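Quick notes on the structure that follows.
Owing to the predicted nature of the structure, the values given are computational and were not obtained by experimental measurement.
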Amino acid sequence: SNWGGTVAEAWTSKAALNATPVLKPMLERYEKEDAAYDAEKAKANFEKAKEAHAKALETWNTQVATAKQAGTPPPPQPRAPQLQTRVSSGPNFPANLYNGMIAPLLPLQIRGALWYQGESNVSRAIQYRTVFPNMIANWRNDFAQGDFPFYFVQLAPFSYSRGKDGDPTPCAELWEAQLRSLRSVPNTGMAVTTDIGDVKDIHPKNKQEVGRRLALWALSHDYGRKNLIYSGPLYKAYKTEGDKIRIIFDHASGLKASNAQALSHFTIAAEDQKFVPAEAKIEGDTLLVRSAEVTKPVAVRFAWRDDAEPNLINGAGLPASPFRTDDFPAVTAGKE
């Protein structure tokens, strides 16, 4: 059951959303946007867009002819405009996809769920801490088959901040929301994909490895492969040791760099909350992180930006999940 570019709240029932008070401002925002729809204005904008598209096509046809003569690839064809419709008539309205694409499946027996979504919720990553577990609980309740396995993909790196406000951290906060869901929601699993993404393509091509990593969770937890290593390193705790911070992980046996280089994408900060690049050294199943610029560190962050492609893996070759040891204010806090 799939619809690309959609938000998690669209895959959640209205009853489950309404029963979660903290989500009320989000629902009110959607209703306000829907009520503000002006059909006449939308039609007028569409007619203007069609005129602009017709001119763009003329230019494009000329460019194609020129490219053909020069033996070079033609530019992409301008996309045709779409008539703006009510928010409530599209896929990204709360409960719409649940009603159309999940509710009809409820009479069926299922073995579990695999989930790959979150890109459209990046700008509201802190809210995703609630929206995503709420959706899982909703499905489990409505399918009435107990806490069936729910395995999901932690988003691949992508430069979400390009051309916007330039802040690269909302995606990291979404990664954190996914990691929190793994920790707090029973019978869930998470495939990390920081090493198989494409920061220029929100749809990286190596889906076979994504599927293999999800399969590791299922093989281990549902099909009896108890000795299988199914997860990369997951942050567990930290300890300050003088001018260093020691990072403790789960699933950390055989820590190493994937490319025989120094471990990358670690930063460290003092109480001023100003993070600077840091070096990380492996000591058994832990890491010691430090920087000469920070003598009294209080926090470490790893891969805390949307285009991070770090090289920390465990002995099974599975990558570590991005994390932070701090709870400093989040950039997506309060976004509804």
Side-chain angles (χ1 to χ4, degrees), residues 7-9 12 17 20-30 92 94 115 117-137 152-185 188 190 192-194 197 199 202 233-238 240 245 247 249 265-278 289 291 294 297-310 320-336:
V7 293
E9 55 268 28
T12 310
L17 292 167
T20 310
V22 71
L23 297 181
K24 183 179 178 181
M26 178 190 73
L27 297 176
E28 291 176 342
R29 171 179 60 80
Y30 277 107
N92 275 329
W115 177 259
Q117 182 274 345
E119 296 91 342
S120 295
N121 288 91
V122 161
S123 63
R124 296 177 284 123
I126 296 301
Q127 185 186 76
Y128 200 74
R129 296 179 183 180
T130 302
V131 170
F132 185 39
N134 186 61
M135 189 204 76
I136 296 173
F152 57 92
V153 180
Q154 192 176 49
L155 296 185
F158 175 71
S159 295
Y160 293 92
S161 56
R162 287 183 305 172
K164 297 181 181 179
D165 58 11
D167 192 323
T169 57
C171 181
E173 293 178 3
L174 197 287
W175 287 332
E176 181 181 55
Q178 293 177 309
L179 181 58
R180 281 172 171 253
S181 297
L182 174 67
R183 296 295 197 193
S184 64
V185 182
T188 55
M190 184 178 76
V192 179
T193 60
T194 50
V199 297
I202 202 168
L234 300 176
Y235 168 70
K236 182 178 181 180
Y238 78 97
T240 302
I245 290 181
I247 305 298
F249 297 94
H265 292 85
F266 283 90
T267 58
I268 198 167
E271 290 184 354
D272 61 6
Q273 303 185 19
K274 295 180 180 179
F275 285 86
V276 299
V289 184
S291 170
V294 180
V298 300
V300 165
R301 292 182 173 182
F302 169 65
W304 203 253
R305 53 178 300 125
D306 57 17
D307 59 358
E309 297 178 289
S321 170
F323 68 87
R324 60 172 176 161
T325 65
D326 63 272
D327 59 355
F328 299 154
V331 298
T332 61
K335 299 289 182 64
E336 301 295 347

Requested in this report: Go through the steps to decide whether Glu119 and Phe158 satisfy the test side-chain contact (heavy atoms from CB on, under 4.5 Å), and finish with yes or no.
Outcome: CA-CA 9 Å; Glu119 296 91 342; Phe158 175 71; over 6 Å; no

Using side-chain contact (heavy atoms from CB on, under 4.5 Å), reason through Phe249 and Ile247 one step at a time and then give a plain yes or no. CA-CA 7 Å; Phe249 297 94; Ile247 305 298; 3.5 Å; yes

task: Output, in order, the C-alpha distance, side-chain angles, deciding distance and verdict of side-chain contact (heavy atoms from CB on, under 4.5 Å) for Gln117 and Phe152.
output: CA-CA 8 Å; Gln117 182 274 345; Phe152 57 92; over 6 Å; no

Practice task
Go through Val298 and Thr240 one step at a time and tell me if the side-chain contact (heavy atoms from CB on, under 4.5 Å) criterion holds.
Solution key: CA-CA 7 Å; Val298 300; Thr240 302; over 6 Å; no

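Minimum heavy-atom separation, Pro170 to Ala125: O-CB, 3.6 Å. Heavy-atom minimum distance, Thr194 versus Pro310: CB-CD, 3.9 Å. What you find for Gly197 and Pro157 is that their closest heavy atoms are CA-CD, 4.1 Å. The shortest heavy-atom contact between Phe302 and Ser321 is CD2-O, 3.5 Å. Counting all heavy atoms, side chain and backbone alike, Trp175 lies closest to Asp306 at CH2-O, 4.0 Å.
You'll find the side chain of Gln273 reaches within 4.5 Å of the side chain of Pro329, heavy atoms only. You'll find the side chain of Ser161 stays beyond 4.5 Å of the side chain of Arg305, heavy atoms only. No side-chain heavy atom of Lys335 sits less than 4.5 Å from a side-chain heavy atom of Gln127.
Rounding to the nearest 0.5 angstrom, the gap separating the NZ atom in Lys24 from the CD atom in Glu336 is 12.0 Å. From Leu174, atom CG reaches atom OG1 of Thr169 across 11.5 Å, with rounding to the nearest 0.5 Å. Note: Ser123 OG to Asp167 CG = 12.0 Å, rounded to the nearest 0.5 Å. Between atom CG of residue Leu155 and atom OH of residue Tyr160 there is a gap of 4.5 Å, rounded to the nearest 0.5 Å. Annotation: the span from Ile136 atom CD1 to Thr188 atom OG1 amounts to 6.0 Å, rounded to 0.5 Å. Distance check, rounded to the nearest 0.5 Å: CD of Glu9 to CG of Leu23 gives 8.5 Å.
Aromatic ring orientation, Phe323 versus Tyr235: parallel (interplanar angle below 30°, classes split at 30° and 60°).
For Thr325 (side chain) and Val300 (main-chain N/O), a donor-acceptor pair under 3.5 Å exists by modelled atom type. The backbone N or O of Ile126 sits less than 3.5 Å from a side-chain atom of Thr332, completing a donor-acceptor pair. When atom types are taken as modelled, the side chain of Asn121 and the backbone of Ala8 share a donor-acceptor pair closer than 3.5 angstrom. A donor-acceptor pair under 3.5 Å links the side-chain atoms of Glu173 to the main chain of Val331, judged by distance alone. Using modelled atom types, no side-chain atom of Arg301 and backbone atom of Phe275 make a donor-acceptor pair closer than 3.5 Å. No side-chain donor-acceptor contact under 3.5 Å links Ser291 to the backbone of Ala278. Here the side chain of Asn92 pairs a donor or acceptor atom with the backbone of Val7 at under 3.5 angstrom.
In this structure, the salt bridge (charged side-chain N to carboxylate O under 4.0 Å, His left out) partners of Arg324, at least two apart in sequence or on a different chain, are Glu176, Asp326.
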